[in-house]
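Beneath this line is the structure, given in structure tokens, with notes to follow.
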2 protein chains.
Amino acid sequence: MAKEEIANENRPLTLRDVSMASGVSEMTVSRVLRGRGDVSDATRTKVLEAAKMLGYVPNKIAGALASQRVNLVAVIIPSLSNLVFPEVMTGISEVLDETPLQPVVGVTNYGPEREEAVLYEMLSWRPSGVIIAGLEHTDASRAMLRAAGVPVVEIMDCDGEPVDAMVGISHRRVGREMAKAIVRAGYRRIGFLGTKMPLDHRARKRFEGFTEALAKEGLEVADQEFYQGGSALVKGREMTEAILTRTPDLDFLYYSNDMIGAGGLLYCLENGIEVPGQVGLAGFNGLRLLDGLPKKLATMDACRAEIGREAARLVAAHAGEDSAGAERHVLTPTLEFGATLKRR
Amino acid sequence: MAKEEIANENRPLTLRDVSMASGVSEMTVSRVLRGRGDVSDATRTKVLEAAKMLGYVPNKIAGALASQRVNLVAVIIPSLSNLVFPEVMTGISEVLDETPLQPVVGVTNYGPEREEAVLYEMLSWRPSGVIIAGLEHTDASRAMLRAAGVPVVEIMDCDGEPVDAMVGISHRRVGREMAKAIVRAGYRRIGFLGTKMPLDHRARKRFEGFTEALAKEGLEVADQEFYQGGSALVKGREMTEAILTRTPDLDFLYYSNDMIGAGGLLYCLENGIEVPGQVGLAGFNGLRLLDGLPKKLATMDACRAEIGREAARLVAAHAGEDSAGAERHVLTPTLEFGATLKRR
DNA sequence: AACCCTTGTGTTACCGCTAACATATCGTGG
DNA sequence: CCACGATATGTTAGCGGTAACACAAGGGTT
């Protein structure tokens with residue numbers, strides 16, 4: 001009958017064990033472990049020693065349920081292999097590290113249904129905030145975000161209406177600005193190379209902005225090429241060869257990302273195509289990773305880390321409230337000419 | 001007094017709300033939502049409709065506490081910007097997607113203290129399993145892993161003693177094999193280029209294996225160069241220039257990762273250094289990302305995705321148990337000669 | 001008709017922790 | 001010397017679910 005005295009080795013430790021080992025109440029142990037309330041130094045030391053000796057790790061599940069507070073921020077992004085998103089994550093972590101909040105990542109693989117599922121899953125842990133890439137979501141997802149009762153920040157994009165707050169750049173504008181710079185530099189026969197991803201709305205918007213600005217100059221995209229899967233560097237080569245073979249008089253190639261642009265650049269250099277004289281090149285993202293290429297590729301920075309930081313700041317500032325105050329932060333990427341786009 | 005009839009709009013939804021809206025007990029709602037137990041079709045439909053109408057999202061915190069089950073797997077890795085780890089993550093997700101388990105990522109930035117903190121934090125959510133990179137941890141971390149009472153899989157490395165299970169490759173062997181291949185190909189004046197990261201134990205082991213195998217052949221590393229931070233591609237160029245300037249008679253450069261190797265390759269090509277005749281090059285990782293380079297870099301695959309998959313399989317197979325059965329899976333990376341290392 | 005099983009649903013008692021309040025202890029000024 | 005505030009600690013009642021068991025109703029069997 002001395003059940004409570006039996007040392008069942010494999011039973012998980014609870015506050016009660018620490019409480020018994022240190023001779024104070026569970027409440028006091030809880031206070032010590034959270035650094036709350038007035039506890040005498042003697043007691044604090046006693047408790048900390050007991051906890052350490054037992055190897056006690058608090059149970060946040062129970063804690064969260066009791067306190068109705070969960071220090072997690074759901075971060076929902078399309079992919080981790082895109083290079084871009086790890087950078088956003090870095091920005092987010094940088095800021096959240098200064099707070100009690102912790103990011104938890106969910107990956108959607110660019111699938112709206114998958115996004116819905118991931119969001120549902122994350123919300124079921126009742127996070128203190130949500131950071132989610134893009135402005136396009138299923139109706140159900142938008143409903144969940146609205147009903148979540150926590151700050152929601154939609155990031156990366158600002159062409160559209162956010163549920164709550166928004167931090168991003170205008171991809172339409174990126175496309176437009178790039179088109180203008182290309183035309184201003186004197187190029188006229190322009191090709192576009194991108195991904196075959198109808199669900200990558202930001203790539204789509206860049207393309208729309210691009211064609212729209214070209215149209216204003218009385219031009220249109222002379223040829224285009226799309227790819228799916230595989231190594232982006234290789235695909236960039238292959239697509240460049242294909243498009244230049246099909247339409248040899250192209251004098252500019254606009255790539256929807258830096259990786260395929262780099263592949264194209266390598267192809268041109270190897271095949272004696274003079275860049276940027278004979279053919280100009282530009283990409284998108286401003287990947288520092290690629291700084292070491294033979295020529296620096298013209299590109300536009302996507303402000304990834306800054307977007308992450310700002311989104312995290314918003315969530316942190318509004319944690320505990322039921323929205324992020326519908327703030328709208330629009331960042332402005334700058335064009336980097338590099339060495340593959342003539343200046344004027 | 002009619003408190004329970006007041007529709008307080010901003011109160012979070014609970015099972016009780018769904019229960020009241022559908023006219024059955026909370027327990028039955030719970031059963032429907034989890035798909036457990038026998039529930040009549042009529043009731044099931046009624047409940048699902050009510051839940052959907054209200055926009056109810058179950059509270060996993062409460063669920064986990066009550067059921068003593070948490071379908072999360074803690075995944076602890078040093079970095080997300082390393083390219084390698086997103087690939088491991090992909091392998092893990094691939095397998096866990098087939099199970100009720102969900103990965104949760106923690107990033108340590110190669111800091112043992114940071115790792116300890118992240119581990120503590122993750123264990124406090126009582127995950128069903130832990131996948132953690134490396135075999136080197138602080139004593140406290142190892143104690144926590146041992147005491148966690150869940151399957152623990154240490155990944156990426158297998159030169160050392162795991163706490164429980166282990167899935168990885170031998171980095172010592174990678175270094176040795178590469179050294180042997182280089183010597184066999186006839187190179188004798190060998191330089192090493194790597195990261196200045198005392199805490200990257202796997203890089204260290206590769207280096208140790210490398211020098212050890214060279215020593216057996218009566219050789220030693222003729223010169224070395226280390227870097228920290230910055231764009232790996234750029235650093236690869238700079239270091240290559242530096243080492244070749246300082247020690248012009250080097251005939252082989254072994255890089256601790258493919259990214260700096262690629263930078264070195266670009267440098268050599270641009271400066272008319274004949275590869276692999278005049279100078280041979282090799283890296284480590286087998287990054288498909290770099291397939292599109294002018295010459296394919298000699299490298300050794302780190303089996304990243306496969307490690308992720310196998311680790312996830314182990315955790316899934318042993319979920320609910322208190323260990324992963326101390327299994328040891330050693331994968332064998334294969335040397336890819338590419339076009340920068342002479343054969344024989 | 002009494003019995004038992006099956007199927008569907010409800011009841012009760014927690015899970016491990018914390019908010020809020022209650023209580024004990026002590027020094028201190030009036 | 002006692003009321004009183006400050007400080008330190010304990011008690012109680014949940015948080016929102018779920019396990020385990022209880023129970024009601026219906027349909028065969030014997």
Side-chain angles (χ1 to χ4, degrees), chain A residues 3-4 8 11-48 50-51 54 56-71 100 121 123-128 149 320, chain B residues 3-4 8 11-48 50-51 54 56-71 100 121 123-128 149 320:
Chain A
K3 214 183 194 173
E4 36 274 274
N8 179 346
R11 180 180 37 79
L13 291 167
T14 72
L15 266 193
R16 154 158 254 109
D17 296 294
V18 183
S19 143
M20 283 168 36
S22 56
V24 299
S25 73
E26 297 176 38
M27 196 59 229
T28 301
V29 175
S30 169
R31 283 196 265 254
V32 170
L33 263 26
R34 285 178 300 148
R36 294 287 170 78
D38 304 305
V39 180
S40 72
D41 284 344
T43 312
R44 181 188 321 284
T45 321
K46 211 166 41 177
V47 168
L48 287 177
L54 294 172
Y56 173 71
V57 177
N59 186 330
K60 287 221 175 174
I61 302 196
L65 184 61
S67 67
Q68 303 281 48
R69 247 180 281 113
V70 182
N71 288 328
E121 175 76 19
L123 288 182
S124 73
W125 288 100
R126 301 287 189 270
S128 294
Chain B
K3 215 182 192 173
E4 35 275 273
N8 180 345
R11 180 180 36 79
L13 291 167
T14 73
L15 265 193
R16 155 159 254 108
D17 297 293
V18 183
S19 144
M20 283 169 37
S22 56
V24 300
S25 73
E26 297 176 38
M27 196 57 230
T28 301
V29 175
S30 169
R31 281 196 267 253
V32 170
L33 263 27
R34 285 178 301 147
R36 294 288 170 79
D38 304 305
V39 180
S40 72
D41 283 344
T43 312
R44 182 190 318 284
T45 323
K46 212 165 42 177
V47 168
L48 287 176
L54 294 172
Y56 174 71
V57 177
N59 186 329
K60 290 221 172 169
I61 302 195
L65 183 61
S67 68
Q68 303 283 50
R69 246 181 282 113
V70 182
N71 288 328
E121 174 77 20
L123 288 181
S124 73
W125 289 100
R126 301 287 188 269
S128 295

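Each chain gets a letter, A, B and so on, in the order the sequences are listed, and its residues count up from 1. In what follows, every heavy atom counts, from backbone to side chain, and hydrogens, waters and symmetry copies are set aside.
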A/Leu15 versus A/Ser30, closest heavy-atom pair with distance:
CD1-CB, 3.9 Å
Which heavy atom of B/Ala62 sits nearest to which heavy atom of A/Leu65, and what is that distance?
CB-CD1, 3.8 Å
Any side-chain N or O of B/Arg34 under 4.0 Å from OP1/OP2 of D/dG17?
no
Want to settle it: does B/Ser40 or A/Val57 sit nearer the 5' end of DNA chain C, counting the closest nucleotide to each?
B/Ser40
B/Lys60 NZ to D/dT18 P: how many Å, rounded?
10 Å
Could you check how far CG of B/Leu65 sits from P of D/dC15, rounded to whole Å?
13 Å
If we ignore hydrogens and angles and just use 3.5 Å, is the side chain of B/Ser124 paired with the main-chain N or O of A/Val57 as donor and acceptor?
no
With respect to B/Val39, which candidate in B/Val29, B/Val32, B/Val47 satisfies the side chain to side chain contact (heavy atoms under 4.5 Å, CB included) definition?
B/Val32
Any chance you could measure A/Thr43, atom OG1, to A/Leu48, atom CG, to the nearest 0.5 Å?
10.5 Å
Opening and closing nucleotides of DNA chain C in contact with chain B, under 4.0 Å to non-hydrogen atoms:
C/dG8 to C/dG16
Which atom pair, heavy atoms only, marks the closest approach of B/Thr14 to B/Tyr56?
C-CE1, 3.5 Å
Evaluate the criterion side chain to side chain contact (heavy atoms under 4.5 Å, CB included) for residue pair A/Gln68 and A/Arg126; output intermediate values, then yes/no.
CA-CA 9 Å; A/Gln68 303 281 48; A/Arg126 301 287 189 270; over 6 Å; no
Atom CZ of B/Arg36 and atom P of D/dT18: how far apart are they, to the nearest Å?
9 Å
What is the per-nucleotide protein-contact pattern of nucleotides 22-27 of chain D, from the 5' end, where B denotes a base atom under 4.0 Å from a protein heavy atom, S denotes such proximity for sugar-phosphate atoms only, and - denotes neither?
------
Nucleotide D/dG16, atom C1' - distance to CG of B/Asp17 in whole Å:
11 Å
Rounded to the Å, how far apart are A/Asp38 CG and D/dG5 P?
17 Å
Contact check, side chains of A/Lys60 and B/Glu121, non-hydrogen atoms, under 4.5 Å
yes
Run the side chain to side chain donor-acceptor pair (under 3.5 Å) test against A/Ser67 and tell me which residues pass, sequence neighbours left out.
none
Does A/Ala62 or B/Thr43 map to a spot on DNA chain C nearer the 5' end, using the closest nucleotide for each?
B/Thr43
Taking atom CZ of A/Arg44 and atom OG1 of A/Thr28, what is their separation to the nearest 0.5 Å?
11.0 Å
Using a 4.0 Å heavy-atom cut-off, does A/Arg44 contact any base of the nucleic acid, only the sugar-phosphate backbone, or nothing at all?
nothing
Are the side chain of B/Ser19 and the backbone N or O of B/Val24 linked by a donor-acceptor pair below 3.5 Å?
yes
Pairs touching residues 17-27 of chain A that satisfy salt bridge (Lys or Arg N to Asp or Glu O under 4.0 Å), sequence neighbours left out:
A/Arg11-A/Asp17, A/Arg16-A/Glu26
Provide, to the nearest angstrom, the distance between the CG atom belonging to B/Leu15 and the P atom belonging to D/dG16.
10 Å
Using a heavy-atom distance cut-off of less than 4.0 Å, which residues of residues 21-31 of chain B contact DNA chain C?
B/Val24, B/Ser25, B/Met27, B/Thr28, B/Arg31
For the helix from C/dA1-D/dT30 to C/dG30-D/dC1, how many degrees between its two end axes (five pairs per end), to the nearest 10°?
60°
